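This report refers to the structure that appears directly beneath it.
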Amino acid sequence: MSRLAERTSRIDASGIRKVFDLAKKLKDPINLSIGQPDFDVPEEVKKAAHEAIDAGKNTYTPTQGIAELREQLIAEEKEFTGREWGADELLVTSGVSGGLFLALLALVEDGDEVIIPDPYFVMYKHLVRLFGGTPVYLDTYDSGFGIDPAKLEALITPRTKVLLLNSPANPTGRILSRGELEGVAAVCRKHGLLVISDEIYRKFAYVEMVSMAEVYEDTLMLGGHSKAFGMTGWRLGYACGPADVIQAMTKVQQYSFVCAPAVTQFAALACPQVVLEPYIDAYRAKRDLMVGILSECFELGPPDGAFYLWAKAPDGFTGSSFVEKAIANNLLIIPGNVFSEKDTHFRICYTVPDDKLKEGAELLCRIARGEV
Ligand code: PMP
């Protein structure tokens, strides 16, 4: 008998980690693989963190999160989506990862099905499996990485528990339009389906960004500070949704994470002081630079938001074989099969200095043209 619980065998180490391990072996690679911002935590937020530590705000907080932050987040959500969440409809979490973990643990039982648009953020399928569920993939390749309501409806069975949306999306950068969200909402409403909407990249939107919470009442919205404020290591996020789901998540948090990190919660009170436009403009310019070079040689997914490009491997390559070739040329990107049941694409992250981006994009084109 194995001493490890069977559930641990249902998941494997993320494919991204394997690429990072490879990265360690390369000398000064052009690294377009890392999915995090290249800026440090803004000064206002760092200062608030220092002050919180010095003021002794280092203890446990209420499981739901500190009152000031909860009020701030409710106000921000009202401004962004027009929806006013009640006090029992919001939970401060340890990153969006914490929110996903609690939500799926609270919702998914053995044999439940969770619909996941493919390509997807890697964590989704592993968490669903860990909790005994079955990921059911909704292929979005021939709908421009958007969601075709008819295709979605065709996947719904009596065991379908949740639809997991991610817009702006990792890895495609795709943002679902209001019309698309309404189409999805109509299907979900008809079948009484809860939507978990991972909106961690919400601030990085180069086209209109609409929250699923605005168009569909039965939405559990997951938001986070990691990407917008360069706080990936500080572990802060939040969940807004139906009171019964938030309550169940809160119970689980009480006996697991206990609370989101206290210092980070106090520091986040300074986030509204941060002017994000320069960061967003910088990434938009990087996106334009990359799209300008790469669209000559690759078919790209719609680069609507986040900081990723989703490119189709050229003829004669799978996503993986193209990435192997790139790595042999000291360039790191992630093969599409890490994020998909298919192996036709690769992901580029453009949060690196412009000279490296240009070098990387030109090298990718040379590989595509068979010059290296
Ligand atoms: N969702 C998506 C789509 C992500 O890309 C990430 C981070 N890569 C997360 C959730 C997790 O973010 P965090 O836990 O840092 O908030």
Side-chain angles (χ1 to χ4, degrees), residues 13-17 19-20 31-41 45 65 69 73 91-105 114 116-128 130 135 140 145 147 162-176 195-205 209 211-212 219-240 249 253 256-257 259-261 264-265 267-268 271 283 301 303-310 333-334 336 338-340 347-351:
S14 150
I16 292 197
R17 293 274 156 241
V19 179
F20 289 167
N31 194 344
L32 307 184
S33 72
I34 301 176
Q36 58 179 336
D38 60 348
F39 56 84
D40 198 5
V41 176
V45 184
L69 180 60
L73 292 170
L91 173 67
V92 178
T93 59
S94 293
V96 171
S97 307
L100 283 165
F101 187 94
L102 295 173
L104 293 168
L105 183 60
V114 175
I116 301 178
D118 176 346
Y120 44 76
F121 172 49
V122 271
M123 195 180 278
Y124 301 160
K125 75 169 183 189
H126 293 303
L127 287 182
V128 168
L130 187 64
T140 66
F145 306 107
I147 293 178
V162 170
L163 165 67
L164 230 169
L165 288 187
N166 176 215
S167 168
N170 177 7
T172 61
R174 176 70 145 80
I175 290 181
L176 299 170
V195 173
I196 297 180
S197 181
D198 176 348
E199 299 181 15
I200 189 165
Y201 294 102
R202 189 198 260 188
K203 305 267 193 202
F204 296 101
M209 164 65 203
S211 170
M212 188 59 172
T219 296
L220 180 70
M221 200 295 295
L222 301 180
H225 297 68
S226 285
K227 312 287 174 172
F229 301 98
M231 282 166 47
T232 50
W234 284 18
R235 316 307 310 128
L236 194 66
Y238 58 104
C240 308
M249 290 169 66
Q253 171 137 292
S256 53
F257 297 91
C259 59
T264 320
Q265 291 189 57
C271 284
Y283 284 149
D304 301 335
F307 30 64
Y308 306 109
L309 292 179
W310 184 241
I333 45 180
I334 312 251
V338 167
F339 310 97
S340 178
R347 189 192 78 174
I348 297 163
C349 177
Y350 51 80
T351 59

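These numbers were taken from a predicted model, which means no experiment stands behind them. For ligands, and for the atoms within them, numbers begin at 1 and follow the listed sequence.
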message: Using a 4.0 Å cutoff against the non-hydrogen atoms of N166, which atoms of ligand 1 qualify?
response: 3 (C)
message: Name the residue from I116, V114, T219, V195 that meets the side-chain contact (heavy atoms from CB on, under 4.5 Å) definition with L163.
response: V195
message: Could you work out, with side chain to side chain donor-acceptor pair (under 3.5 Å) as the rule, every residue matching Y350, not counting sequence neighbours?
response: none
message: If we ignore hydrogens and angles and just use 3.5 Å, is the side chain of E199 paired with the main-chain N or O of M212 as donor and acceptor?
response: yes
query: At a non-hydrogen distance cut-off of under 4.0 Å, which region of V96 contacts ligand 1 (side chain, backbone, both, or neither)?
result: both
message: Please report whether ligand 1 has a polar contact with S94, defined as an N or O pair separated by less than 3.5 Å (distance criterion only).
response: no
- prompt: Which residue and non-hydrogen atom of the protein lie closest to atom 12 (O) of ligand 1, and at what distance in Å?
  reply: I200 CD1, 3.2 Å
- request: For atom 6 (C) of ligand 1, grab the closest protein heavy atom and report residue, atom and distance to one decimal in Å.
  value: F121 CZ, 3.4 Å
query: Does R235 offer a backbone N or O that forms a donor-acceptor pair with the side chain of T264 under 3.5 Å?
result: no
message: Ignoring hydrogens and geometry beyond distance, is a side-chain donor-acceptor pair present between D118 and Y124 at under 3.5 Å?
response: no
task: Identify, for atom 8 (N) of ligand 1, the protein heavy atom at the shortest distance, and state residue, atom and that distance.
output: K227 NZ, 2.9 Å
query: Which heavy atom of F39 sits nearest a heavy atom of G230, and at what distance?
result: CE1-N, 3.4 Å
Atoms in ligand 1 with a heavy atom of G95 nearer than 4.0 Å: 14 (O), 16 (O)
message: Can you tell me if S97 contacts ligand 1 (heavy atom of the residue under 4.0 Å from the ligand)?
response: yes
statement: Within the 4.0 Å heavy-atom cut-off, what M123 brings close to ligand 1 is neither
field: Nearest neighbour in protein (non-hydrogen) for atom 5 (O) of ligand 1
entry: Y201 OH, 2.6 Å
- request: Could you tell me if any non-hydrogen atom of Q36 lies under 4.0 Å from any atom of ligand 1?
  value: no
query: Measuring from S197:OG to N166:CG, what's the distance to the nearest 0.5 Å?
result: 8.0 Å
- request: Using distance alone, decide if ligand 1 has a nitrogen or oxygen within less than 3.5 Å of any nitrogen or oxygen in R235.
  value: yes
- prompt: Would one find an N or O of S226, backbone or side chain, under 3.5 Å from an N or O of ligand 1?
  reply: yes
message: I need the nearest protein heavy-atom contact for atom 1 (N) of ligand 1: residue, atom name and distance, please.
response: D198 OD2, 2.5 Å
query: For the residue pair Y201 and F204, is the inter-centroid distance of their aromatic rings smaller than 6.0 Å?
result: no
R174 vs W310, side chain to side chain contact (heavy atoms under 4.5 Å, CB included): CA-CA, chis, key distance, verdict: CA-CA 9 Å; R174 176 70 145 80; W310 184 241; over 6 Å; no
